[in-house]
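Atoms within a ligand are numbered from 1 in the order they appear, just like the ligands themselves.
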Amino acid sequence: MSQALNFFVSSSSRSPATFTISRPSVFPSTGSLRLLVKKSLRTLVVEASSAAASDLDEPQSSPVLVSENGSGGVLSSATQEYGRNAAPGTDSSSIEVDTVTEAELKENGFRSTRRTKLICTIGPATCGFEQLEALAEGGMNVARINMCHGTREWHRMVIERLRRLNEEKGFAVAIMMDTEGSEIHMGDLGGASSAKAEDGEIWNFTVRSFDPPLPERTVTVNYDGFAEDVKVGDELLVDGGMVRFEVIEKIGPDVKCLCTDPGLLLPRANLTFWRDGKLVRERNAMLPTISSKDWLDIDFGIAEGVDFIAVSFVKSAEVIKHLKSYIQARARDSDISVIAKIESIDSLKNLEEIIQASDGAMVARGDLGAQIPLEQVPSEQQKIVQICRQLNRPVIVASQLLESMIEYPIPTRAEVADVSEAVRQRGDALMLSGESAMGQFPEKALTVLRSVSLRIERMWREQKRHEVIELPSIASSFSDSISEEICNSAAKMANNLEVDALFVYTKNGHMASLLSRCRPDCPIFAFTTTTSVRRRLNLQWGLMPFRLSFSDDMESNLNKTFSLLKARGMIKSGDLIIAVSDMLQSIQVMNVP
Ligand SMILES: Nc1ncnc2c1ncn2[C@@H]1O[C@H](COP(=O)(O)OP(=O)(O)OP(=O)(O)O)[C@@H](O)[C@H]1O
Ligand SMILES: CC(=O)C(=O)O
Ligand SMILES: [K+]
Ligand SMILES: [Mg+2]
């Protein structure tokens with residue numbers, strides 16, 4: 001059904017607001033739409049009735065949404081159900097928030113909190129408890145583990161430490177696990193941390209396996225068909241061209257290659273081969289996106305309760321749907337989100353379909369840049385970010401954001417410009433890879449992401465440069481349409497009235513993500529009843545997730561929230577807020593008492 005409630009506020013001042021109804025024609029002439037502003041509480045009461053009310057299984061003229069001080073209305077049966085959904089065993093009088101958010105709110109106030117989320121890949125440089133804690137203190141919202149590297153025991157240890165950090169310190173650091181995928185890569189260099197390939201040297205790329213140490217100038221390849229598939233004259237690119245070889249001879253399982261561009265080989269570096277200037281991918285296109293090893297890693301991720309599984313080298317929407325149904329079957333009440341990594345030519349071909357099927361996407365520029373011309377990467381990034389925004393899927397911009405900081409304590413000017421651009425595009429999250437996994441300055445790199453994000457976000461707010469992006473309706477039901485219109489309107493009202501914060505009470509996070517999609521000027525306080533939803537929301541732009549048990553009575557929820565947040569100095573009397581919830585479809589505007 002396409003009919004939707006559509007209204008907005010035209011006043012831009014904080015003083016007595018004038019409300020204008022846009023496109024009242026969406027309601028048939030027999031219907032009515034009423035907007036009331038209750039001066040005392042500044043509660044916006046929306047009442048609508050429509051000739052299409054029969055679609056709601058209600059007699060004509062029934063209110064679509066009614067809110068009187070946040071209580072009453074036609075949705076009571078749904079809201080009562082809702083009230084019982086508080087997390088078991090949690091103290092109903094407390095609110096869960098991390099110390100960093102708390103400090104940020106106290107020191108800087110609402111306006112200047114960071115909206116762009118930050119992800120750190122965890123590796124040898126950051127796997128200690130204190131190191132993880134320092135990253136969380138530095139603003140890490142999501143920790144990423146890459147199943148390409150390390151043993152399952154190592155990953156289990158990292159997950160256990162992150163969980164302890166969340167429990168002990170009140171953080172909501174979510175965990176994202178990347179699958180290895182079945183693209184071609186080198187082995188682990190027999191345990192060496194790197195190997196130098198010099199110009200003119202002959203190296204042996206082989207599908208044989210060796211007990212360490214490896215013979216000199218030998219690289220193992222993980223793909224059995226490799227020796228068969230390459231041809232003499234092919235170019236072999238390590239990590240998209242960091243090191244380059246030419247195939248000069250094939251001897252059974254061994255492929256002799258001449259180094260033509262010298263450089264450092266890193267363990268498990270990605271390999272692509274090129275023939276006549278084109279990427280060869282016919283054969284590895286036959287390899288499954290999720291290998292048998294990946295399925296075992298996925299089982300591991302489900303058992304360990306990771307929050308996100310990021311699927312490497314996605315080629316089609318089918319694989320995402322398949323994985324999602326597998327997760328559903330394996331873990332009925334788990335809400336693991338599936339993120340599609342866009343890093344191959346095939347994923348670009350089926351982009352919309354893949355993003356639609358996924359719970360989010362990653363612009364994985366590392367491998368993407370090894371498959372398409374580098375100069376094409378920025379425009380693909382922009383396109384992916386835009387599609388994700390339109391389809392309401394969180395999007396991560398990843399790889400080489402601060403690559404030089406693996407070795408140096410400050411970034412290059414070009415890197416800062418790149419980070420700024422990703423922030424300006426309003427992607428949900430920025431990700432560190434080698435910078436945090438094995439670099440020398442993980443915390444400094446995180447600080448750079450944080451300060452650049454804050455700076456650019458503030459600049460854009462001050463200049464009132466809201467980007468012009470059309471947000472098409474994505475609702476699949478009338479009730480979804482109402483939620484969507486409420487969030488679009490609330491975000492617009494928040495900008496026009498210059499409110500201090502949006503509050504959203506949400507069970508599954510959907511209303512929070514709809515608000516985030518609008519990228520409003522003020523931060524969004526997202527209250528949710530479960531810790532897993534709270535962690536999941538930590539990936540999304542502008543959301544400050546809190547865990548709070550709440551009831552079906554919005555008035556009492558608000559009062560409780562106000563007193564809890566005031567007691568901790570996170571809000572103060574007089575702050576102007578707009579509240580929405582997915583149990584009672586209303587928009588309330590009020591000053592904190
Ligand atoms: N668990 C780990 N153990 C050891 N080294 C790691 C680990 N995780 C990451 N690294 C190191 O950090 C580098 C960057 O990490 P990253 O996760 O981006 O891997 P990648 O190999 O570039 O693959 P991807 O394309 O999936 O990002 C890796 O090349 C590796 O050297
Ligand atoms: C992150 C990742 O997988 C890439 O950039 O290739
Ligand atoms: K990978
Ligand atoms: Mg990759």
Side-chain angles (χ1 to χ4, degrees), residues 119-128 131-132 142-159 161-162 175-189 191-195 222 237-243 263-272 289 291 294 297 300 308-315 339-348 360-372 374 377 380-381 384 395-403 405-407 418 422 427 429-440 442 445:
I119 305 176
C120 301
T121 303
I122 306 304
T126 39
C127 61
Q131 290 163 324
L132 292 169
V142 179
R144 166 183 181 249
I145 51 173
N146 189 349
M147 301 312 279
C148 240
H149 308 282
T151 61
R152 262 179 222 134
E153 286 61 47
W154 184 90
H155 292 289
R156 186 177 288 116
M157 174 201 73
V158 172
I159 292 171
R161 286 177 182 168
L162 287 164
I175 300 172
M176 186 166 81
M177 182 192 96
D178 279 42
T179 62
E180 178 169 343
S182 23
E183 285 319 272
I184 306 173
H185 57 76
M186 316 188 321
D188 64 4
L189 299 176
S193 61
S194 65
N222 75 325
L237 269 62
V238 180
D239 267 343
M242 293 302 281
V243 190
L264 214 54
L265 302 173
L266 295 173
R268 299 184 158 260
N270 168 284
L271 289 178
T272 43
T289 302
S291 69
D294 290 340
D297 287 338
F300 167 83
F308 302 98
I309 293 178
V311 185
S312 294
F313 297 101
V314 172
K315 297 183 191 120
I339 306 287
K341 291 176 69 179
I342 310 300
E343 54 183 341
S344 64
I345 295 179
D346 303 278
S347 62
L348 292 177
M362 183 195 293
V363 191
R365 306 185 304 182
D367 284 302
L368 188 59
Q371 297 219 351
I372 61 172
L374 282 182
V377 175
E380 297 298 347
Q381 171 181 325
I384 298 163
V395 61
I396 302 159
V397 176
S399 293
Q400 296 190 349
L401 284 165
L402 299 172
E403 186 79 359
M405 290 192 77
I406 291 176
E407 283 178 81
D418 178 47
L430 306 175
M431 188 175 108
L432 295 176
S433 299
E435 302 93 329
S436 56
M438 49 85 163
Q440 294 190 50

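Of all the atoms in ligand 1, the ones that sit under 4.0 Å from a non-hydrogen atom of Ile122 are 8 (N). Residue Ala437 approaches ligand 1 through these ligand atoms, each under 4.0 Å from one of its heavy atoms: 9 (C), 10 (N), 12 (O). Heavy-atom contacts of Arg144 reach the following atoms of ligand 1: 16 (P), 17 (O), 18 (O), 24 (P), 26 (O), 27 (O) (cutoff under 4.0 Å). Close approach to Met431 involves these atoms of ligand 2, each under 4.0 Å from a residue heavy atom: 1 (C). In the vicinity of Asn146, heavy-atom distances shorter than 4.0 Å reach the ligand 1 atoms 16 (P), 17 (O), 19 (O), 23 (O), 24 (P), 26 (O), 27 (O). Close approach of ligand 1 to Trp154 (heavy-atom distance below 4.0 Å) involves ligand atoms 1 (N). Of all atoms in ligand 2, numbered sequentially from 1 with element shown, those under 4.0 Å from a heavy atom of Lys341 are 2 (C), 3 (O). Using a 4.0 Å cut-off to heavy atoms of Thr121, the atoms of ligand 1 that qualify are 17 (O). Close approach of ligand 2 to Ser399 is summarised as follows: ligand atoms under 4.0 Å from at least one heavy atom of the residue are 1 (C), 2 (C), 4 (C), 5 (O).
Side-chain contact check for Val397 versus Met431: every heavy-atom pair is 4.5 Å or farther apart. Put simply, the side chain of Gln371 reaches to within 4.5 Å of the side chain of Glu183, judged on heavy atoms.
Under the 3.5 Å distance criterion, the side-chain polar atoms of Thr289 are left unmatched by any main-chain donor or acceptor of Val314. A distance-only check finds a donor-acceptor pair linking the side chain of Glu435 to the backbone of Ser433 [under 3.5 Å]. Here the side chain of Gln131 pairs a donor or acceptor atom with the backbone of Ala125 at under 3.5 angstrom. Of the possible donor and acceptor atoms, none in the side chain of Ser347 sits under 3.5 Å from a partner among the backbone N and O of Lys315. Of the possible donor and acceptor atoms, none in the side chain of Ser436 sits under 3.5 Å from a partner among the backbone N and O of Cys120. When atom types are taken as modelled, the side chain of Asp294 and the backbone of Glu180 share a donor-acceptor pair closer than 3.5 angstrom.
Here the closest non-hydrogen pair linking Gln440 and Pro442 is C-CD, 3.4 Å. Taking each heavy atom of Asp418 and Gln400 in turn, the nearest pair found is OD2-O, 4.4 Å. Ala143 approaches Leu162 most closely through the heavy-atom pair CB-CD1, 3.6 Å. The two atoms that bring Leu348 and Ile384 nearest to each other are CD2-CD1, 4.4 Å, heavy atoms only.
Among the atoms of Asp178, none of the N or O lies under 3.5 angstrom from an N or O of ligand 2. Below 3.5 Å of separation, one finds an N or O of Asp367 facing an N or O of ligand 1. Taking distance alone, with nitrogen or oxygen atoms compared against 3.5 Å, Gly366 approaches ligand 2 more closely than that limit. At under 3.5 Å, not a single nitrogen or oxygen of Ser433, backbone or side chain, sits near a nitrogen or oxygen of ligand 2. Polar contact with ligand 1: present for His149 (N/O pair, distance under 3.5 Å).
Of the heavy atoms in Pro124, only side-chain atoms (C-beta onward) come closer than 4.0 Å to ligand 1. By the criterion of a heavy-atom distance under 4.0 Å, the backbone of Arg365, and not its side chain, is placed next to ligand 2. Only the side chain of Arg144 comes within 4.0 Å of ligand 2, counting heavy atoms alone; its backbone N, CA, C and O stay farther away. Residue contacts with ligand 1, taken as heavy atom pairs separated by less than 4.0 Å, do not involve Glu435 at all.
Among the atoms of Asp178, none of the N, O or S atoms falls under 2.8 Å from the Mg ion (ligand 4). For the Mg ion (ligand 4), the set of nearby N, O or S atoms under 2.8 Å includes one belonging to Glu343.
Under a 4.0 angstrom heavy-atom cut-off, His185 registers as lying outside contact with ligand 1. In this structure, Lys341 is part of the shell of residues with a heavy atom less than 4.0 angstrom from ligand 1.
With sequence neighbours left out, Thr272 forms a side chain to side chain donor-acceptor pair (under 3.5 Å) with Trp274.
Between Asn270 and Asp367, the side chains place a donor N or O and an acceptor N or O closer than 3.5 Å (distance only, hydrogens not considered).
Within the set Cys148, Ala370, Gly240, Ala364, the minimum heavy-atom distance to atom 2 (C) of ligand 2 is found for Ala364.
Taking the N/O/S atoms of Asp367 in turn, the shortest distance to the Mg ion (ligand 4) belongs to OD2.
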